[in-house]
Amino acid sequence: MPEPLPSPRDRPASQDAFTEEVLRDGAFARLMRFHTGGDLAPASRPRALLVAPLSGVNPRLMYDMVADLAGETDLHLLEWRDAAEVPAACGGFGLAHCLSQVLEAIQDLGEEVDLIGLCQSALPALAATALLASSRTLHKPRSLVLIGGKIDPRTNPTPGDRFATGHSLDWFRQNAITAVGPGRPGAGRPVYARATQEKVLWSYLNRHLADGCDILAKMLHDDGLDPAEHPFLPSLGALIDVPAEFFLDVIGTVYHARALPQGRMTWFDLPVDTSAVRDTALLTIEGGRDDIAGPGQCRVAHDLCPGIPQDRRGHRLLPGAGHFDLFHGTVWREQVRPVVSEFLHQRL
């Protein structure tokens with residue numbers, strides 16, 4: 001079983017003390033809240049909901065982002081369980097179920113929520129915002145921040161995008177999906193397993209050794225907030241199993257069909273209409289050297305939400321930043337975090 005999310009309470013002694021509270025503990029996900037200094041509901045802080053990526057990344061890789069945001073927002077985190085730890089009797093978990101969890105978390109937190117989608121979670125965050133925009137009664141996010149998100153993988157495609165679009169869904173079903181072995185709670189459950197992901201990760205790391213992007217820099221010098229206790233490379237390698245249904249849904253819906261940018265995405269037969277978004281402010285942030293979500297793939301969210309007024313939207317491209325820079329280390333602390341913080345606070 002993977003290590004639990006490293007709480008900001010584990011920061012160096014010179015930092016503020018943090019505590020965490022589990023608000024909802026489900027089979028596939030849990031909703032958490034972080035408190036600082038004994039103030040359970042700081043009125044001066046935005047109420048933020050950060051959705052972790054469901055991409056095999058262990059939540060501990062998000063330590064820098066969680067620790068910093070918890071210090072300046074009323075931070076909530078929706079994180080995903082290792083699918084190998086979820087009993088097969090709990091059933092499948094696809095993209096629609098992921099979207100349901102995001103929608104439920106927004107409603108749990110009530111009005112005036114700032115929603116943050118990181119990497120893979122950017123698309124379900126945008127889709128959830130679109131669904132809520134059409135409702136007269138449900139709570140809507142007051143702002144949406146998308147960081148390094150893959151909204152349209154056909155825009156400036158990366159090597160990974162070309163691989164995903166160049167192989168059929170049956171190919172992925174036959175070559176990427178295995179069943180959880182005996183001895184774990186999820187025995188028998190079909191997953192995109194950690195062992196399979198490790199092969200992909202090592203291929204990716206080898207490419208980085210050649211091009212000298214952000215991972216190589218972090219291997220040579222870990223610029224994280226607390227590299228002694230939360231080192232980058234071991235956190236990157238601490239992968240978790242992903243439900244097979246979700247993995248295959250992403251391949252089919254995001255890569256093959258481009259359903260959201262094409263206006264064909266549905267949630268249990270309900271259309272996901274991004275043009276309905278008008279009252280939610282939008283900020284997108286991209287890395288110019290991001291080879292997971294290529295520059296432009298996240299920014300396209302602005303084109304999909306033409307109803308948002310110009311004075312309630314923003315975009316920032318960081319030319320020298322790689323994918324992991326956007327939420328870990330010096331680039332996150334000095335270039336990304338201040339932009340996010342300003343965007344959230346100016347809408348209090």
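This chain uses plain numbering: 1 for the first residue, then up along the sequence.
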Subject >> Glu245 CD to Phe93 CZ distance, which is reported to the nearest 0.5 Å >> reply: 9.5 Å

Original post:
Ring centroid separation for His97 and Phe28, is it under 6.0 angstrom?
Top reply: no

Subject >> Euclidean distance, Ile292 CD1 relative to Gln297 CD, rounded to 0.5 Å >> reply: 10.5 Å

Original post:
So do the side chains of Leu103 and Leu138 get within less than 4.5 Å of each other, counting heavy atoms only?
Top reply: no

Original post:
Can you tell me how far CG of Asp223 sits from CZ of Arg333, rounded to the nearest 0.5 angstrom?
Top reply: 6.0 Å

Original post:
If every non-hydrogen atom of Phe327 is compared with every non-hydrogen atom of Trp332, which pair is closest and at what distance?
Top reply: C-CB, 3.7 Å

Subject >> Side chain proximity check, Arg289 to Asp325, heavy atoms < 4.5 angstrom >> reply: no

Original post:
Arg47: what forms a salt bridge (charged side-chain N to carboxylate O under 4.0 Å, His left out) with it, not counting sequence neighbours?
Top reply: none

Original post:
Regarding Ser235 and His230, is there a side-chain donor-to-acceptor distance under 3.5 Å anywhere?
Top reply: no

Original post:
Mind checking what makes ring-ring contact (aromatic ring centres under 6.0 Å, His included) contact with His76, not counting sequence neighbours?
Top reply: none

Original post:
Do any N or O atoms from the side chain of Arg142 and from the backbone of Leu344 form a donor-acceptor pair under 3.5 angstrom?
Top reply: yes

Original post:
What residues form a side-chain hydrogen bond (donor to acceptor under 3.5 Å, both in side chains) with Asp222, not counting sequence neighbours?
Top reply: none

**OP:** Report the residues that fulfil salt bridge (charged side-chain N to carboxylate O under 4.0 Å, His left out) with Asp249, sequence neighbours left out, ordered by chain and then residue number.
**Re:** none

Original post:
Where do Ala321 and Val331 come nearest, in terms of heavy atoms and distance?
Top reply: CB-CG1, 4.0 Å

Subject >> With sequence neighbours excluded, residues passing side-chain contact (heavy atoms from CB on, under 4.5 Å) with Pro87 >> reply: Cys90

Subject >> Thr73 (side chain) donor-acceptor with Ala70 (main chain) under 3.5 angstrom >> reply: no

Original post:
Should Leu146 and Leu317 be regarded as members of a common hydrophobic cluster, given that ILVMFWY residues are connected when their side-chain heavy atoms come within less than 4.5 Å of each other, either directly or indirectly?
Top reply: no

**OP:** Look only at the side chain of Arg194 and the backbone of Ala84, and say whether a donor-acceptor pair between them is shorter than 3.5 Å.
**Re:** no

**OP:** Give the intermediate values and the outcome of side-chain contact (heavy atoms from CB on, under 4.5 Å) for residues Arg313 and Thr284.
**Re:** CA-CA 8 Å; Arg313 62 170 76 229; Thr284 54; over 6 Å; no

**OP:** Quick one: list whatever passes side-chain hydrogen bond (donor to acceptor under 3.5 Å, both in side chains) with Arg258, sequence neighbours left out.
**Re:** Asp152

**OP:** Check whether any side-chain N or O of Asp241 sits under 3.5 Å from a backbone N or O of Asp82 as a donor-acceptor pair, and report yes or no.
**Re:** no

Original post:
Do you know the tightest heavy-atom contact between Gly117 and Ala125?
Top reply: CA-CB, 4.1 Å

Original post:
Can you tell me if Ser121 uses its side chain to pair, donor with acceptor, with the backbone of Leu118 under 3.5 Å?
Top reply: yes

Original post:
Does CD belonging to Glu111 count more than 12 external heavy atoms closer than 6.0 Å?
Top reply: no

Original post:
Sequence neighbours excluded, which residues qualify as salt bridge (charged side-chain N to carboxylate O under 4.0 Å, His left out) partners of Arg173?
Top reply: Asp170

Subject >> Within-4.5 Å side-chain heavy-atom neighbours: Val340 and Ile147 >> reply: yes

Subject >> Polar contact flag, side-chain donor to acceptor under 3.5 angstrom, His35-Thr19 >> reply: no

Subject >> From CG (Leu233) to CG (Leu61), nearest 0.5 Å >> reply: 10.0 Å

**OP:** Give the intermediate values and the outcome of side-chain contact (heavy atoms from CB on, under 4.5 Å) for residues Leu248 and Leu169.
**Re:** CA-CA 7 Å; Leu248 295 172; Leu169 200 59; 4.2 Å; yes

Subject >> Closest non-hydrogen atom pair between Arg154 and Tyr255, with its separation >> reply: NH2-O, 3.4 Å

Original post:
How far apart are the closest heavy atoms of Ala105 and Leu31, and which atoms are they?
Top reply: CB-CD1, 4.2 Å

Subject >> side-chain contact (heavy atoms from CB on, under 4.5 Å) partners of Ala52, counting only residues at least two apart >> reply: Met62, Leu77, Glu79, Trp80

Subject >> Side-chain heavy-atom pair Leu54, Val250 within 4.5 angstrom cut-off >> reply: no

**OP:** Look only at the side chain of Glu286 and the backbone of Cys298, and say whether a donor-acceptor pair between them is shorter than 3.5 Å.
**Re:** yes

Original post:
With clusters built from Ile, Leu, Val, Met, Phe, Trp and Tyr whose side-chain heavy atoms come within less than 4.5 Å, directly or transitively, what are the remaining members of the cluster of Val191, listed by chain and number?
Top reply: Val180

Subject >> Asp64 side-chain N/O to Gly224 backbone N/O, donor-acceptor pair under 3.5 Å >> reply: no

Subject >> Check: Ile251 and His256 side chains under 4.5 Å, non-hydrogen atoms >> reply: yes

**OP:** State yes or no: do Phe172 and Ile177 share one hydrophobic cluster built from I, L, V, M, F, W and Y residues joined by side-chain heavy-atom distances below 4.5 Å, directly or via other members?
**Re:** yes

Original post:
Using 4.0 Å as the upper bound for N to carboxylate O, is an ion pair formed by Glu72 and Arg45?
Top reply: no

Original post:
To the nearest 0.5 Å, what is the distance between OG1 (Thr253) and CE (Met265)?
Top reply: 6.5 Å

Subject >> Pairwise side-chain contact, Pro295 with Arg299, heavy-atom cut-off 4.5 Å (strictly under) >> reply: no

Original post:
Could you give all pairs that pass the ring pair (Phe, Tyr, Trp, His ring centres under 6.0 Å) test and reach residues 111-164, with sequence neighbours left out?
Top reply: Phe163-His167, Phe163-Trp171

If you look only at distance, which donor and acceptor atoms sit under 3.5 Å apart when one is on a side chain in residues 266-279 and the other is two or more places apart or in another chain?
residue: Trp267; atom: NE1; partner: Ala96; partner atom: O; Å: 3.2
residue: Trp267; atom: NE1; partner: Ser100; partner atom: OG; Å: 3.1
residue: Asp273; atom: OD1; partner: Ser275; partner atom: N; Å: 3.1
residue: Asp273; atom: OD1; partner: Ser275; partner atom: OG; Å: 2.5
residue: Asp273; atom: OD2; partner: Ser275; partner atom: OG; Å: 3.2
residue: Thr274; atom: OG1; partner: Leu304; partner atom: O; Å: 2.8
residue: Arg278; atom: NH1; partner: Ala276; partner atom: O; Å: 3.4

Original post:
Are Met65 and Leu326 side-chain neighbours, meaning at least one heavy-atom pair lies under 4.5 Å?
Top reply: no

Original post:
With the threshold set at 4.0 Å, does a side-chain nitrogen-carboxylate oxygen contact exist between Asp161 and Lys150?
Top reply: yes

Original post:
Taking atom OH of Tyr192 and atom CZ of Phe246, what is their separation to the nearest 0.5 Å?
Top reply: 12.5 Å

Subject >> 4.5 Å side-chain heavy-atom contact, Pro124 and Gln101 >> reply: no

Original post:
Looking only at atom types and distance, does a side-chain atom of Arg189 sit under 3.5 Å from a main-chain N or O of Gly91, one as donor and one as acceptor?
Top reply: yes

Original post:
Sequence neighbours excluded, which residues qualify as side-chain hydrogen bond (donor to acceptor under 3.5 Å, both in side chains) partners of Gln120?
Top reply: none

**OP:** Give a yes or no on whether the backbone of Leu225 and the side-chain of His328 come within a donor-acceptor separation of less than 3.5 Å.
**Re:** no

Original post:
If you look at every heavy atom in Ser55 and Val242, which pair is closest and at what distance?
Top reply: C-CG2, 3.9 Å

**OP:** Would you check if the side chain of Arg162 reaches a backbone N or O of Pro157 as a donor-acceptor pair within less than 3.5 Å?
**Re:** yes

Subject >> Residue pair Ser143 / Asp114, side-chain donor-acceptor N/O under 3.5 Å >> reply: yes

